[in-house]
Structures are given as C-alpha cells and as structure tokens.
There are 2 protein chains.
Amino acid sequence: MKAKKEKIIFRSDCPISSALDLFGDKWSLLIIRDLVYFGERTFKDFSGAAEKISSARLSDRLCKLEVLELIIKSNHPTNKKVYLYTLTPKGMDLFPAIAEYVKWSNKYLNDHIAEPAKEFAQNLEKDREGTLNQFMKR
Amino acid sequence: MKAKKEKIIFRSDCPISSALDLFGDKWSLLIIRDLVYFGERTFKDFSGAAEKISSARLSDRLCKLEVLELIIKSNHPTNKKVYLYTLTPKGMDLFPAIAEYVKWSNKYLNDHIAEPAKEFAQNLEKDREGTLNQFMKR
DNA sequence: ATTTTTACTTTCAATTCGAAAGCAAATATA
DNA sequence: TATATTTGCTTTCGAATTGAAAGTAAAAAT
C-alpha cells in the first residue's frame, strides 16, 4: 500500500498534462480497458492479460487507481481471498479517450491489430455515440 | 539521435496498449498538444512550456515522434540554426484523443484547470465535431 | 491434513529520468 | 571585425522507476 501515501504533483494547470500526471503511464489505461470490457476483474484476471504486467506493478497501479477513485475494490461474494475490481463512473468516463486510441491505432497500425479490435474500431467510426453508449450504460 | 536507432516493441496486438507503446509517456502528448495549438514550434518554444521538460528528454521525444512520423522537422526559412517542428496528419489525428482528456479533466479536475482550457472543454461538450474540425483543418 | 491458489510484498539489477553543465555553430551586438 | 549571446542539442550523473523473480500469508480445494 505504498502507493496510497504518495501525493500527486501536477506539472501545470493544463488538463492534458494533469490527466497524464494521474494515469499517463503504460499500465493504468490497460487496467481501465479490461474493466470496461469485462465489467469486473480479479488480480489474477489482470495478471493474465496479454501484456504481462508484473505483480508488483499491478499491485501499485490498482492502489493508485483506487485512491484516484477510478476503480473500486470489493469483496468477492463467496470467496474471502479474492477481490473484485470495478469501475467508478469517473473511471468509466475515460472510455471515450480510450476509444480514440482504438480508432487511431486501427487507422495507423492496422496490420498489427487483432481482428476483434478492428471490428470495434469500425463500429466506432460508423456510430461513435451508439458504440460508446453500448458500454457506458452497462 | 540515439532514439532513432531503437525499435518499438509492442506488448500485444491490442490497439490501446500499442498506442501506449508508441506515445504513452508523460511528454509525447504534450508536444503534440503544443503543435495542435500553435501550429509550429521550435526547440526553445517547447522548452518554454509550463511543464518544464528537460532538454535531454525533449530532444529524445522529438526524435522518436519524428521517427514515428507524427511530427516533421524542417529548416527555418531565414535562421539556419533554428528548426521548425510541425504535425503530420498522423500526428494531428491524435487530437481527438487529447480532446477527450481535456473533457475528462474539465469534469473531474475542474478547479485545478486553467480558464482557457475550461472554455475549450465547454466548446467540445457543446459541439464536438465543430470544435475538433476548427483545429484539424488548419 | 496437505496441497494449491490467490493476492499480494520483497528484493534487486536494469532502465529511465530530471537537473545541470557543456558544446558547437549561427546569429546578434558592439 | 571581434565578442557575446542564442539555439539546439549532447553528456554526465545521482535518483527514481521498472520488470523479473522469488517469497509469504491466508483461504480454499483436495
């Protein structure tokens, strides 16, 4: 729980740099991504993602995101040693930004991107509002 | 020019993690931001931004962004020792993602954000397409 | 009763970072 | 023309951050 003690230092009063100060690392948005897609996840679930985050880093990021109130950690209904992580509305509101990354990568890194993501990107191009709402309202 | 030799390693075929592999650090999007806003910038201009990037880091990032073809480095028309950096269409296409950061920060970090940015965020909320196009078409 | 699983923490070497100083070439100034 | 200054970097180096691997404690499964 080292991460909980730290305070965030904002480099400026720019909204972009401030956002980056909060979650502008290589892992935070991937945790948000998994939660947008799956709704809820355990520590082990996150560890199983293709990008292979280390447990030390995952632990640190989950703490930080919880402190920022982007995610919530709660008990599993039946299993006492498993925790469930879910998104807050504040965390879910990062989804539009993530969606723009998907669109950009689909346009410029297309031949490197997995098929299901390409389809999602195409849906975003066709009907941005509808595609976003489909996830946001869940 | 150390940065030019490196090759990018993608952690997965996910469009989000791939985007983060390319420009998911604390500085790259701020360089893009300045170029969206000002059109063209010199090394010194970037150095003067509120976030106070170090010259070593700035030099490194400019190289990387140039290799990625997000920005172009060209000669100043009259001053031989000054270079002008501008956005490629590929780089400009990151603006929608940046705009979502602005909206998010305006909503959740509002009292920390500078006035002009708040106004921009409000314009984005009112007329996203129009506000984006206003910059994109320049 | 023992083994396995889960969610971490700890350790440590390697990478990355920021701050400061240095530098060469071009330009501005005296 | 000589000197000072500016610009766009590079270099250095101590500090912070990272990934990989191993370790741990409690709960659950066998």
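We name chains A, B, ... by the order of the sequence lines, and we start the count at 1 in each one. Owing to the predicted nature of the structure, the values given are computational and were not obtained by experimental measurement. Computed from heavy atoms alone, side chains included, the values below leave out hydrogens, waters and symmetry copies.
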NZ/NE/NH1/NH2 to OD/OE distance under 4.0 Å, Lys103(B) and Asp93(A): no
Applying a 4.0 Å non-hydrogen cut-off, can you work out what Thr42(B) is touching in the nucleic acid: base, sugar-phosphate, or nothing? sugar-phosphate
Starting from C1' on dG19(D), measure out to CG on Asp25(A) and report it in whole angstrom. 14 Å
Check: Ser105(B) main-chain N/O paired with His112(B) side-chain donor or acceptor under 3.5 Å: no
Report the nucleotide, chosen from dC8(C), dA20(C), dC9(D), that has the shortest atom-to-atom distance to any side-chain atom of Tyr85(A). dC8(C)
For a quick test of reading the model: is some side-chain N or O of Ser59(B) closer than 4.0 Å to OP1 or OP2 of dG8(D)? no
Candidates dT6(C), dC9(D), dG19(D) - which lies nearest the side chain of Lys44(A): dT6(C)
Rounded to whole angstrom units, what separation is found between the CG atom of Asp60(A) and the C1' atom of dT10(C)? 14 Å
Partner residues of Lys26(A) under the salt bridge (Lys or Arg N to Asp or Glu O under 4.0 Å) criterion, sequence neighbours left out: none
Starting from P on dT15(C), measure out to CD1 on Ile8(B) and report it in whole angstrom. 18 Å
Looking at Ser55(B) and dT10(D), is any side-chain donor or acceptor paired with a base atom of the opposite kind under 3.5 Å? yes
Please confirm whether the shortest side-chain N or O distance from Trp27(B) to OP1 or OP2 of dC17(C) is below 4.0 Å. no
Would you mind telling me which of dA20(D), dG18(C), dC9(D) lies closest to the side-chain atoms of Ser54(B)? dG18(C)
Roughly how many Å is it from CD in Glu66(B) to P in dG8(D), rounded to a whole number? 14 Å
Report the C-alpha separation of Phe23(A) and Tyr101(B) in whole Å, then their side-chain angles, then the decisive distance to 0.1 Å, and conclude whether the ring pair (Phe, Tyr, Trp, His ring centres under 6.0 Å) test is met. CA-CA 11 Å; Phe23(A) 44 78; Tyr101(B) 278 178; 5.7 Å; yes
Should Arg33(A) and Glu51(A) count as an ion pair when the cut-off is N to O under 4.0 Å? yes
Quick one: does any side-chain atom of Ser17(A) pair with a main-chain N or O of Arg11(A) as donor and acceptor, under 3.5 Å? no
What's the closest nucleotide to the side chain of Tyr83(B) if the choices are dG18(C), dG8(D), dT10(D)? dG8(D)
By nearest atom, which of the nucleotides dC17(C), dT7(D), dT9(C) is closest to the Val82(B) side chain? dT7(D)
Could you go through nucleotides 24-28 of chain D and list every protein N or O atom that sits under 3.5 Å from one of its N or O atoms, giving the distance for each pair?
residue: dA27(D); atom: N3; partner: Lys81(A); partner atom: NZ; Å: 2.9
residue: dA28(D); atom: OP1; partner: Lys80(A); partner atom: N; Å: 2.7

Check this for me: does any side-chain nitrogen of one of Arg61(B) and Glu66(B) sit under 4.0 Å from a carboxylate oxygen of the other? no
Distance in angstrom units between Asp21(A) CG and dT17(D) C1', rounded: 16 Å
What's the CG-C1' distance between Leu62(B) and dG8(D), to the nearest Å? 10 Å
Would you find a donor on one side and an acceptor on the other, under 3.5 Å apart, between the side chain of Trp104(B) and the backbone of Leu109(B)? no
Closest-nucleotide ordering on DNA chain C, the 5'-leading residue of Arg11(A) and Ala56(A): Ala56(A)
Please give, in whole Å, the distance from dC9(D) P to Arg61(B) CZ? 15 Å
Any Lys73(A) side-chain nitrogen or oxygen under 4.0 Å from OP1 or OP2 of dC8(C): yes
I need the NZ-P distance between Lys52(A) and dA21(D), as an integer number of Å. 13 Å
